[in-house]
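The block underneath contains the structure these notes are about, expressed in structure tokens.
Only heavy atoms go into these numbers, but all of them, side chains included; no hydrogens, no water, no symmetry mates.
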Amino acid sequence: MVRTPLTPRERERGERLGALLRAARGERSMVEVAATAGLSAETLRKIETGRAPTPAFFTIAALAGALGLSLDEVAALATPPEAPADAAA
């Protein structure tokens, strides 16, 4: 199965998600947060650095729970604003 390339919007959303998670993690170690979420530190590192820009829903939900974020907050803060319609032309 061939994976389709990510769109610029998907890449931006991954970068925004990573920045949000890094900020929410604060002074806590990556290992601590990953363990609380039931993930490996490597998985969290890939998400935070944008190398895994489209993590599974349950991964995001676990991280949100470990960081005390609601899924609504994560969705709102990680989703890039819509580009103006005339910008596409």
Can you get from Val31 to Leu63 by hopping between Ile, Leu, Val, Met, Phe, Trp and Tyr side chains that sit under 4.5 Å apart? no
How far apart are the closest heavy atoms of Ala62 and Ala37, and which atoms are they? CB-O, 3.4 Å
Main-chain N/O of Arg45 paired with Thr49 side-chain donor or acceptor, under 3.5 Å: yes
Backbone of Glu32 reached by a side-chain donor or acceptor of Thr36 within 3.5 Å: yes
Do Leu17 and Leu6 belong together in a cluster built from hydrophobic side chains that touch within less than 4.5 Å? no
Rounded to the nearest 0.5 Å, the CE atom of Met30 sits from the CG atom of Leu21 at a distance of 10.0 Å
Drop me the distance from Ile60's CD1 to Phe58's CZ, to the nearest 0.5 angstrom. 11.0 Å
If you compare all heavy atoms of Pro81 against all heavy atoms of Arg16, which two are closest, and at what distance to 0.1 Å? CD-NH1, 3.7 Å
Can you tell me how far the CG atom of Leu69 sits from the CG atom of Leu20, to the nearest 0.5 Å? 5.5 Å
Measuring from atom CG of Leu67 to atom CD of Glu73, what distance do you get when rounded to the nearest 0.5 angstrom? 10.5 Å
Would you name the heavy atoms of Val33 and Arg25 that are closest together and state the gap between them? CG2-CG, 3.6 Å
Within the 4.5 Å heavy-atom criterion, are Glu10 and Glu15 side-chain neighbours or not? no
Distance-only polar pair, side chains of Arg11 and Thr54, donor-acceptor under 3.5 Å: no
Using a 3.5 Å distance criterion without hydrogens, assess whether the side chain of Arg9 forms a donor-acceptor pair with backbone atoms of Pro80. yes
